[in-house]
Amino acid sequence: MINDKKVLFSGMQATGSLTLGNYLGALKNWVTLSDEYECFYSVVDMHSITVRQDPATLRKRARALLTLYIAAGLDPEKNCIYYQSHVSGHAELAWILNCFTYMGELNRMTQFKDKAAKHADNINAGLFTYPVLMAADILLYQADVVPVGIDQMQHLELTRNLAQRFNAVYGDIFTVPEAYIGKTGAKIMSLQEPSKKMSKSDENPNGSIYLMDDPDTIRRKCKRAVTDSVGEIRYCDEQPGLRNLINIYCACCNKTPDEAVNEFAGCGYGQFKEAVGEAVVSVLSPLQKRVAELEKEKGYIDSVIKNNAEKADYYAGKTLRKVQKKVGFPERVRG
Ligand code: TYM
């Protein structure tokens, strides 16, 4: 607990162009939950270098992502919005947790297998231990809740196991976190291949709606989305393309799939796709406008970066010192 509130931690990578999946699966829920919890929202730039990055581009994207968090409605006075690399506790706790993680556990991580296949020329140790750094992110702040999309569930399960394993040896050190999965946006699929998740790294740009796509591009991508030949608006596994569009529509308009199906009963796919396009535009356009405004406020963003890194460092330091003592590191001599 911090200030009598439960703690929330989540993060996003600043790699590639963020998609509507990132927004509906994570960022949107972050905003909804931000009043109820003491929140830490990190731009996880240390995770990003598990895949080769151009330094200038990474720096630029990290700042754009931090700005996006604020543009989405997270007040940096109330929410701790910061760069992971500014708080050395993440790396320090990750090292300790590495020594409590089994190779077999990491070998089973599907994201590792996918990324290793995709980057066969650079299967580095960081890519392998990536989920341990993620566990450190979460446990460092004693987070109670972690809002993520479904694709991060396996990593979260590992985090819980590590917390429990550590606690079993050393007593109640870590809070064991729970995932928070939104109702409709938790797994947004590709518009072109609805069996695949919508992803920043998709080679087909028509499969993903990027957060910075202009309205016409968004409308066009929705119009071209793959559906089926059933011709009836239903929410079922047999119509995965349509189901995905219904999920997108519902997450954008805060409606349930039943409500959406009733609303569009008897309509053709064309008409529904148009409505989905408009729903997405109505969510992304204001966001893009706010990003553009904030980008001009350089001094303000700089002060957020500085102040929040200090705040994160303070809370991270508290957990880290406790953990270091438990595992037997000698205390520092001060003064
Ligand atoms: P990342 O950067 O890949 O994605 C950020 C968030 O977006 C969600 N997401 C989706 N949700 C629904 N549909 C999709 N198509 C979709 N694509 C992405 C992800 O589930 C995630 O919540 N390892 C994490 C970043 C991370 C983190 C953490 C998250 C590092 N440390 C600690 C939570 C807590 C990642 O790569 O997310």
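Numbering of ligands and ligand atoms starts at 1, following listing order. These numbers were taken from a predicted model, which means no experiment stands behind them.
The environment of Lys200 atom NZ is dense: over 12 non-hydrogen atoms of other residues, nucleotides or ligands sit within 6.0 angstrom.
Judged by the 6.0 Å and 45° rule, Arg243 forms a cation-pi pair with Tyr235.
Centroid-to-centroid, the aromatic rings of Phe272 and Tyr249 come within less than 6.0 Å. Taking the six-membered ring for Trp and the full ring otherwise, Tyr83 and His90 have centroids separated by 6.0 Å or more.
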Could you list the donor-acceptor pairs under 3.5 angstrom formed by side chains in residues 111-118, with sequence neighbours left out?
residue: Gln111; atom: OE1; partner: Gln152; partner atom: NE2; Å: 3.4
residue: Lys118; atom: NZ; partner: Ser201; partner atom: OG; Å: 3.0

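Under the 4.0 Å criterion applied to side-chain N and carboxylate O atoms, Lys221 and Asp213 are assigned as salt-bridge partners.
Protein residues lining ligand 1, listed by chain and number: Phe9, Ser10, Gly11, Met12, Gln13, Gly21, Asn22, Gly25, Ala26, Val44, His47, Tyr130, Met134, Asp137, Ile138, Val146, Val148, Gly149, Asp151, Gln152, Gly185, Ala186, Lys187, Ile188, Met198, Lys200 [non-hydrogen atoms, distance under 4.0 Å].
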